[in-house]
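One is the number of the first residue; the rest follow in order along the sequence.
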Amino acid sequence: MKSDRFLIKVAELYYRDGLSQQEIAKKLHTSRTSISRALIQARNEGYVQIRIQYPEQSDLALERKLEEKYGLTEALIAVPAYEQSSDQEVAFQAVDYILRVLKKNMVFGMTWGRAMHEFVEQLAKDERLRSLSFQNVKVVPFLGTPGAIQSDSWNTTTYSNTLATKVGNLLHCASYNLSAPMYVEGTKEKELIESIDEIAKVLHMAETADIALIGIGSMQDDSSIIKAEIRTKEEYKELVRKGAVGEIVGRIYDKNGQTVDEDLKRKMVGISLDKIAKIPVRVGMSYGKDKIEAIKGAIAGGLVNVLVTDVPTAELLLK
């Protein structure tokens, strides 16, 4: 049929020859609207079949399922290559996302922990930093610094202040320190410290950040809160009995993303869960079967709207 010939002609010019719809309209002496309709019809009638060639280290179908099930803005699933660990690939995917969305004049906030440390390690290796510019970007920590820790099981390179400084250096942009302890004796001390002008300014930047990079912690014995000696294992078990499933920015929350440890909430110096939930882009990094309930709670409470994880964790989240 003559109409079939026209559809195929338009499809060839558009998909094979790379002409724009306006250029095809001019060439065939018709309107751009006619060309647009012809391309849609060519696909509907099977003259054009689109096939996406997925890269080896991706699972985009799984990502889409996660996004649809949990209402995520985006899911990024790490598929480690040979001799590469999940934590390295999860961190790389987080780096890839941050470098894509971070623009000039933005404020980028970070939490603490091993996932954040691995993010910085991967960022330092990224060759794209040589050609990218982050004009007037500000990097801020979400928490103060833990006090003196007796055990050797905790590394100061995982502190929020340390990480923010390193990221600022790598991106060649301004970074700030929250010059305060992470944990104080009570509400009065917390309010006094947070009222200090220098600290109040950094907290305000953190609370009005454009992007948050968040480590999602579980209620296991290797939790950052336990390693930083802010809570004991026995106290953690009691919080689990009260419904605690995870930790973000030093706050313990339940399956709905609501604070469980009210006492700790009154003593932590840093951004609150309520403020985290108001940041436009909230990127959660987490993987492992022990993190499933923590991830679900973080999403349910609106603490995370972008998730970076691995394939086994994604599959468990979809069950």
Side-chain angles (χ1 to χ4, degrees), residues 55-60 62-63 66 72 74-102 108-129 139 141-143 151-160 162-167 170-171 211-228 245-250 282-299 303-304 306-318:
E56 271 187 36
Q57 282 181 261
S58 70
D59 201 325
L60 300 186
L62 201 57
E63 289 178 359
L66 268 185
L72 293 165
E74 192 165 346
L76 298 93
I77 297 178
V79 183
Y82 179 66
E83 291 186 346
Q84 189 178 38
S85 64
S86 285
D87 58 349
Q88 289 174 325
E89 183 59 23
V90 166
F92 171 79
Q93 291 295 337
V95 167
D96 192 57
Y97 181 82
I98 294 300
L99 293 183
R100 168 156 58 92
V101 301
L102 188 61
F108 173 40
M110 297 181 64
T111 58
W112 66 327
R114 287 159 295 182
M116 298 296 101
H117 173 74
E118 190 61 45
F119 168 85
V120 175
E121 292 289 299
Q122 292 299 317
L123 180 65
K125 300 174 185 176
D126 204 297
E127 295 291 332
R128 289 171 291 182
L129 294 181
V139 185
F142 283 150
L143 287 166
S151 70
D152 298 325
S153 61
W154 190 239
N155 193 332
T156 57
T157 60
T158 64
Y159 292 173
S160 191
T162 306
L163 296 167
T165 300
K166 287 184 176 181
V167 171
L170 289 169
L171 301 183
I211 302 172
L213 184 61
I214 302 163
I216 303 174
S218 67
M219 299 300 294
Q220 303 297 313
D221 288 350
D222 64 348
S223 162
S224 297
I225 294 289
I226 292 177
K227 287 184 176 294
V245 298
E247 173 266 325
I248 284 177
V249 291
R282 307 177 297 281
V283 186
M285 291 174 61
S286 194
Y287 74 94
K289 62 181 181 180
D290 61 317
K291 300 286 184 73
I292 299 301
E293 296 309 314
I295 294 170
K296 287 181 180 179
I299 296 172
L303 306 175
V304 164
V306 175
L307 178 64
V308 189
T309 190
D310 65 359
V311 173
T313 308
E315 289 174 341
L316 288 171
L317 285 167
L318 288 171

What are the two closest heavy atoms between [X] and [Y], and how far apart are they?
{"X": "A314", "Y": "L66", "result": "CB-CD1, 3.7 Å"}
{"X": "Q122", "Y": "V95", "result": "CB-CG2, 4.0 Å"}
{"X": "M219", "Y": "V245", "result": "CG-C, 3.4 Å"}
{"X": "A91", "Y": "M285", "result": "CA-CE, 3.8 Å"}
{"X": "I216", "Y": "G284", "result": "CD1-CA, 4.1 Å"}
{"X": "V306", "Y": "V304", "result": "O-CG1, 3.1 Å"}

Mind checking the [atom1]-[atom2] spacing from [X] to [Y]? Nearest 0.5 Å is all I need.
{"X": "L213", "Y": "M116", "atom1": "CG", "atom2": "CE", "answer": "4.0 Å"}
{"X": "T162", "Y": "W112", "atom1": "OG1", "atom2": "CH2", "answer": "12.0 Å"}
{"X": "L129", "Y": "L123", "atom1": "CG", "atom2": "CG", "answer": "5.0 Å"}
{"X": "E315", "Y": "K289", "atom1": "CD", "atom2": "NZ", "answer": "14.0 Å"}
{"X": "I214", "Y": "I248", "atom1": "CD1", "atom2": "CD1", "answer": "5.5 Å"}
{"X": "E247", "Y": "T111", "atom1": "CD", "atom2": "OG1", "answer": "8.0 Å"}

Flag side-chain contact, heavy atom, 4.5 Å: [X] against [Y]:
{"X": "F119", "Y": "V167", "answer": "yes"}
{"X": "I295", "Y": "Y287", "answer": "no"}
{"X": "Y97", "Y": "V308", "answer": "no"}
{"X": "M110", "Y": "V120", "answer": "yes"}

_Step-by-step side chain to side chain contact (heavy atoms under 4.5 Å, CB included) determination, T313 to I292_ = CA-CA 7 Å; T313 308; I292 299 301; 3.6 Å; yes
*Verify side chain to side chain contact (heavy atoms under 4.5 Å, CB included) between K296 and L317, making sure each step is shown before the conclusion.*
CA-CA 8 Å; K296 287 181 180 179; L317 285 167; 3.9 Å; yes
_Backbone of I77 reached by a side-chain donor or acceptor of E63 within 3.5 Å_ =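 Looks like yes, one N/O pair under 3.5 Å.
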*Got a donor-acceptor contact below 3.5 angstrom from the S160 side chain to the F142 backbone?*
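Yes, because the side chain of S160 sits within donor-acceptor range (under 3.5 Å) of the backbone of F142.
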*Mind running side chain to side chain contact (heavy atoms under 4.5 Å, CB included) on T309 and Q93 for me, showing each step along the way?*
CA-CA 9 Å; T309 190; Q93 291 295 337; over 6 Å; no
